[in-house]
Amino acid sequence: MALRVLVVDDSPVTRVMLLEMLDLLGHKAVAEADAMDTAVEAYKNQKPDLVLLDLALTRGDGLSTLKGIRRIDGQARVLIISGNPQQKIQEEAMNSGALGFLSKPINMKELSAALTRIGTEPR
Amino acid sequence: MNVTADQQKVLAALIEQGIDKSTERLAQMTKTRWEMSTMSLTTASGDRIQTLVAPAAGTHYGVCFTAPGATFVAMFPGESARRVVQAFTKGGGERLKAVADLEKNAIAEISNILVNAVAGVIADTLDRALIVSAPEILEGAKNKLMETALRRSDNKNSFALMSYVSMSSSDLSTDCLLVILLNSELLENLLTAIEI
């Protein structure tokens, strides 16, 4: 199943790499954002199937953004993509409704496996 | 504050553990070998730390990150930066080539991966979260970059850990200086956590 994806990362390089990977994997990036406010707005406008969310953002942070999106939509599916592997942060993200973590730099095979799993799971 | 030789060894091992994690991921991505060649640890007050980074010819890229009690700065000489960016962005399409300030932004992301891996090891050792800021990209002489990093930190009570990371393979030879400034409270907590 092709997923409509919102890409949220402060790095324009990582955003573009993710857009290219999503294209190659047959998914569609419907919007991108580099900050909490623009990410939440994009979520409201696009209602994507999935959010790929970094933890460090230009304004705000990933954990607050995750909570903000889940307040709008309690069923929102959010996958954290981060270079930040801390145990406490992972626990907080999972407790706040994240589907899981992918480590940076992004590995295409890991991303593909995660999107396939998410695409086949009921919401 | 004084840090004993034994404490320095344990801290060095901790930082190496973080760098190893990030270099392993970067090596997979760039299909090249990344390794840390040397590491030195230094305790110093703000003014003393500044003298540890001597002025060097040529422009460096510096990427600065802050977290409560800690400041991290990764410095790449200009030529090294270009080589590592080429390796990092290899295989990218037209959209990637069109990214504004590609070199600076790619160096920021590579530094983000290095720094967050190290911050992760420190945070897990302390059994707490350490939220690291988005990168601030700087450009200039190495000692000027250090000055900026010190301004971002609590430099009156800082402890500096300096690590040289070299990346090498048949088609890539480059290096990076990673400086970690911890304030005395965070350092004391870290030493307590590792029980030395």
Side-chain angles (χ1 to χ4, degrees), chain A residues 7-25 29 32-36 38-39 53-67 80-96 101-111, chain B residues 17-18 21-31 34 63 65-67 85 87-137:
Chain A
V7 175
V8 185
D9 196 303
D10 67 302
S11 166
V13 172
T14 296
R15 288 201 306 275
V16 167
M17 285 178 163
L18 281 169
L19 297 185
E20 292 191 339
M21 285 184 195
L22 288 170
D23 274 356
L24 288 170
L25 295 170
E32 53 181 296
D34 67 352
M36 179 175 170
T38 48
L53 175 63
D54 187 19
L55 289 173
L57 301 176
T58 311
R59 295 182 302 281
D61 63 72
L63 285 175
S64 306
T65 304
L66 167 64
K67 290 169 189 170
I80 306 289
I81 292 195
S82 177
N84 193 329
Q86 298 172 31
Q87 199 58 45
K88 289 282 178 194
I89 290 178
Q90 291 199 29
E91 284 170 16
E92 187 174 348
M94 297 305 283
N95 289 338
S96 301
F101 266 76
L102 284 180
S103 295
K104 283 185 177 183
I106 314 299
N107 176 306
M108 178 90 133
K109 280 185 187 167
E110 289 172 5
L111 178 65
Chain B
Q17 196 185 325
K21 279 186 185 173
S22 60
T23 51
E24 194 182 305
R25 300 278 307 179
L26 287 163
Q28 283 171 11
M29 182 182 180
T30 58
K31 297 183 176 55
W34 293 52
V63 189
F65 303 80
T66 56
V85 167
F88 187 70
T89 57
K90 192 168 55 185
E94 289 305 312
R95 274 192 291 203
L96 188 60
K97 287 176 192 153
V99 169
D101 288 326
L102 176 62
E103 198 165 276
K104 282 185 189 175
N105 280 305
I107 279 293
E109 190 60 353
I110 292 162
S111 303
N112 181 38
I113 291 162
L114 279 170
V115 162
N116 270 293
V118 174
V121 171
I122 293 173
D124 288 348
T125 303
L126 292 168
D127 194 28
R128 54 169 271 200
L130 197 61
I131 304 285
V132 178
S133 70
E136 178 187 5
I137 307 166

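Residue numbering restarts at 1 for every chain, and letters A, B, ... go by the order of the sequence lines. Any value given below was found using the heavy atoms of this structure, including those in side chains, with hydrogens, waters and symmetry copies removed.
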Chain B contact via A:Leu55 - which portion, at a heavy-atom distance below 4.5 Å: neither
Interchain contact, B:Phe88 with chain A, by part (heavy-atom threshold 4.5 Å): both
Close side-chain approach of A:Glu92 to A:Lys67, heavy-atom, < 4.5 Å: yes
Option in A:Asp9, A:Asp23, A:Leu63 with maximal non-hydrogen atom pairs under 4.5 Å from chain B: A:Asp23
Interface moiety of A:Asp10 toward chain B, non-hydrogen atoms closer than 4.5 Å: side chain
For A:Leu53 against A:Leu57, the heavy-atom pair lying closest together: CD1-CD1, 4.3 Å
Enumerate donor-acceptor pairs with a distance under 3.5 Å from any side-chain N or O in residues 107-115 of chain B to protein atoms, sequence neighbours excluded.
from     : atom 1 : to       : atom 2 : distance (Å)
B:Glu109 : OE1    : B:Asn112 : ND2    : 3.2
B:Glu109 : OE2    : A:Thr14  : OG1    : 2.6
B:Glu109 : OE2    : A:Lys104 : NZ     : 2.6
B:Ser111 : OG     : B:Ile107 : O      : 2.8
B:Asn112 : OD1    : B:Asn116 : ND2    : 2.6

Most chain A-contacting option - heavy-atom pairs closer than 4.5 Å, from B:Leu102, B:Asp124, B:Val99: B:Asp124
Side chain, backbone, both or neither of B:Glu94 within contact of chain A (heavy atoms, under 4.5 Å): backbone
Working for side chain to side chain contact (heavy atoms under 4.5 Å, CB included), residues B:Ile131 and A:Ile89: CA-CA 8 Å; B:Ile131 304 285; A:Ile89 290 178; 3.8 Å; yes
Pick from A:Glu20, A:Met17, A:Arg15 with the largest number of heavy-atom pairs that fall under 4.5 Å of chain B: A:Glu20
Interchain contact, A:Ser82 with chain B, by part (heavy-atom threshold 4.5 Å): neither
Heavy-atom proximity to chain B below 4.5 Å, by part of A:Val16: side chain
Shortest non-hydrogen contact between B:Asn105 and B:Ala100, atoms and distance: ND2-O, 2.9 Å
A:Thr58 (side chain) donor-acceptor with A:Asp34 (main chain) under 3.5 angstrom: yes
For chain B, the option from A:Pro105, A:Gly83, A:Ser11 that forms the most heavy-atom pairs under 4.5 Å: A:Pro105
Closest approach of B:Ala123 to B:Leu130 (non-hydrogen atoms, all atoms of both residues): CB-CB, 3.8 Å
B:Lys104 backbone acceptor or donor facing B:Asp101 side chain under 3.5 Å: no
Residue part contacting chain A, namely of B:Asp127, when any heavy atom lies under 4.5 Å: both
Which atoms of B:Arg95 approach chain A - backbone, side chain, both or neither, heavy atom under 4.5 Å: both
